[in-house]
2 protein chains.
Amino acid sequence: MADASRAAKAGGSAPRKRADARRNERALLDAATAVFATSGVEAPVREIASRAGVGVATIYRHFPTRADLIAAVYRHQVEACAEAGETLLAGGGSPYDALGRWVNRFVDFVATKHGLASVLQSDDPAFQSLHAYFLDRLVPVCSDLLRAAADAGEIRAGIDAYELMRGVGNLCIGAESDPRYDARRLVELLVAGLRRTA
Amino acid sequence: MADASRAAKAGGSAPRKRADARRNERALLDAATAVFATSGVEAPVREIASRAGVGVATIYRHFPTRADLIAAVYRHQVEACAEAGETLLAGGGSPYDALGRWVNRFVDFVATKHGLASVLQSDDPAFQSLHAYFLDRLVPVCSDLLRAAADAGEIRAGIDAYELMRGVGNLCIGAESDPRYDARRLVELLVAGLRRTA
DNA sequence: TTAATATACGGAACATTGTTCCGGTTAGCA
DNA sequence: TGCTAACCGGAACAATGTTCCGTATATTAA
C-alpha cells in the first residue's frame, strides 16, 4: 500500500497523477484558500497562480472552471454543514427549532466567505456547476428539515426548500462589507415568516 | 423662453449644452433603455454606444460612470415608487398593509430589470453612487412606513429601514432568470416575519 | 543506470471588456 | 462668412479570463 506504483487497484479509478501534478494541485488549493480569504472568491486567476508559484495554465489544467476550484476549497465545510443538518434533525428537539439552527449555521458559513454568496446566485455559466453542487448537497437536507417542521404543524405549507435556500443565500450577499447590514437578522425574519399563520 | 441664446437666467444653472450634445444624450438614454431591457444593466459600453450611433467616449462624457447612466434611465420609475409610498401612507388603511403593498411595488420594479438588483448590492465602487441614489430616495419612504406600522403596534420593533431595503433588494436578485424562484413569495415571507411576535 | 515517452509545465498570445487620449469636426455666435 | 470653444469618434491602453505550444520532467522499461 505504501508503494506508489501499484495504482488504481479499485475499479475505474483514475490512473494516478504524476507527483508534480499532485504537488501543484495541493499548492493551488492552499493558495486559493488564502487568496479567497483576503481578496474574495473572484480574485484574479493570475494572483492565485503566482501565489502558488505556478503558471496560469496549471490552474486550468487542474480546475477547468473557477467553480471547480471554489468547490474544492469549500467542499469540507459544505459536507460538514450538510451533516449538521442530519444531526440536528435526529436530535429530539422541535423541528422548527432545528431548521432555524441549521439555517443559522449555513449563514455563518456563507456570510464569512467574501463574495461567495454573490457567486452562488450569479447566472454566469462559469458558476453553474458550483451552484449545482451547493444545491445538490444542501437542498435535500433543507427539504427534510422543512418537511419535519411542516409535519409537526409548526410552519405554513407551500414552502419549497430550493426557494428558501436561494432566499437565504441572497440575504447573505454583501454581509461582510457593510456593518449596517446584518444578514443573520434578516434571515431570522425570513424564518420567522415561515411560522404558521394561525 | 423659446430663444436658446438666453440661457442660464436662473442662478448657477448650466449654460445650456450644444444641440448635438443634447441630441446624443437623448440617443444614449434611449439606446441604454433598450439595451438594458434585453442584455441587462451590465451590458458592454460598446453595445450601448453603437446602438446609439456614437463613440464610446461620448458615453463617458455624458455619463461619467455607469451608475449615472443607470440612474438616468430609471429615475422616473424610482421617483414614482417613492411617491407611491407617500400616497400609500396617506391613504387611511393599516400601516402594515401599506408597507406590504409598497414593498411589493418596489419588488415589481426591481425584479423586472435584468441585473439591476445585483448591481444595487454590488460593492464595486463604480456603482456606489447608484446605490446611494436608490437609498437616499427610498429609505426615508420605507422608514416612514415602518415607523407608522410600529406606532400602530403591528410590527416588532428594532427593524431598520436600510436593512429591510437591502434585504428586499437582495431577495430580488436572479428573480428574472429562474422560474423556480419567486422573489415576491420570499419577500412576503420576510414581511410576514416583521409582524409582532405575540 | 539510462533512455524513451507520456504527462505536465510556464508563459506568451489572444479575446473581451472598461477607460482615456488626441486629432478632427461642428454648432453657435459675431 | 469665419472664428472658436465645445464636442465627437475611434484608436490606444489596461486589466482581466482563456487557450496554445514548445520545453521540461516524472515514470517506467530495458
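Distance, B:Ile48 CD1 to C:dT19 P: 11 Å, rounded to whole Å. Rounding to whole angstrom units, CZ of residue B:Phe63 and P of D:dC8 are separated by 11 Å. Atom CG of A:Asp68 and atom C1' of D:dT18 are 15 Å apart (whole Å). If you take CZ of A:Phe127 and C1' of D:dG17, they are 11 Å apart, rounded to a whole angstrom. A straight line from CG of A:Asp20 to C1' of C:dA6 spans 12 Å, rounded to a whole angstrom. Rounded to whole angstrom, the span from the CG atom of B:Asp124 across to the C1' atom of C:dG18 amounts to 11 Å. In this entry the distance linking NZ of B:Lys17 with P of D:dC7 reads 8 Å, nearest Å. Distance CZ (B:Arg22) to P (C:dG28): 7 Å, rounded to an integer number of Å.
Side-chain proximity of B:Val56 to the nucleotides C:dC9, D:dT27, C:dT20 is greatest for C:dT20. When distances are taken from the side chain of A:Arg46 to each of D:dC7, C:dA8, C:dA13, the shortest belongs to C:dA13. For A:Tyr60, counting side-chain heavy atoms from C-beta on, the closest listed nucleotide (D:dG10, D:dG17, C:dC9) is D:dG17.
Side-chain atoms of A:His114 and A:Thr38, non-hydrogen and from C-beta on, never get closer than 4.5 Å to each other. A heavy-atom distance below 4.5 Å is not found between the side chains of A:Val73 and A:Val41. A 4.5 Å side-chain heavy-atom check between B:Leu171 and B:Tyr181 finds at least one atom pair inside the cut-off.
Cation-pi contact between A:Arg196 and A:Tyr96: absent, since separation from the ring centre below 6.0 Å together with deviation from the ring axis within 45° is not met.
When each of B:Pro64 and B:Arg61 is assigned the nucleotide of DNA chain C with its nearest heavy atom, B:Pro64 is the one assigned upstream, toward the 5' end. Along DNA chain C, the nucleotide nearest B:Arg23 and the nucleotide nearest B:Ala126 are compared for position; the residue whose nucleotide lies closer to the 5' end is B:Ala126.
If you check every strand for non-hydrogen atoms under 4.0 Å, B:Ala57 touches a base. Using a 4.0 Å heavy-atom cutoff across all strands shown, B:Val54 reaches sugar-phosphate atoms only and no base atom.
Contact between the side-chain N/O atoms of A:Arg66 and the OP1/OP2 oxygens of D:dG17 is found at a separation under 4.0 Å. For A:Asn24 and C:dA8, the shortest distance from a side-chain N or O to OP1 or OP2 is not below 4.0 Å. Here A:His62 does not reach the OP1 or OP2 of C:dA8: none of its side-chain N or O atoms lies under 4.0 Å away.
Residue B:Arg16 places no side-chain atom within donor-acceptor reach of the base of C:dG28, judged by atom type and a 3.5 Å distance cut-off alone. Contact of B:Arg18 with D:dA6 (side chain to base): a donor-acceptor pair of N or O atoms is detected under 3.5 Å.
One finds the CG atom of A:Leu194 at 6.5 Å from the CG atom of A:Leu146 (value rounded to the nearest 0.5 Å).
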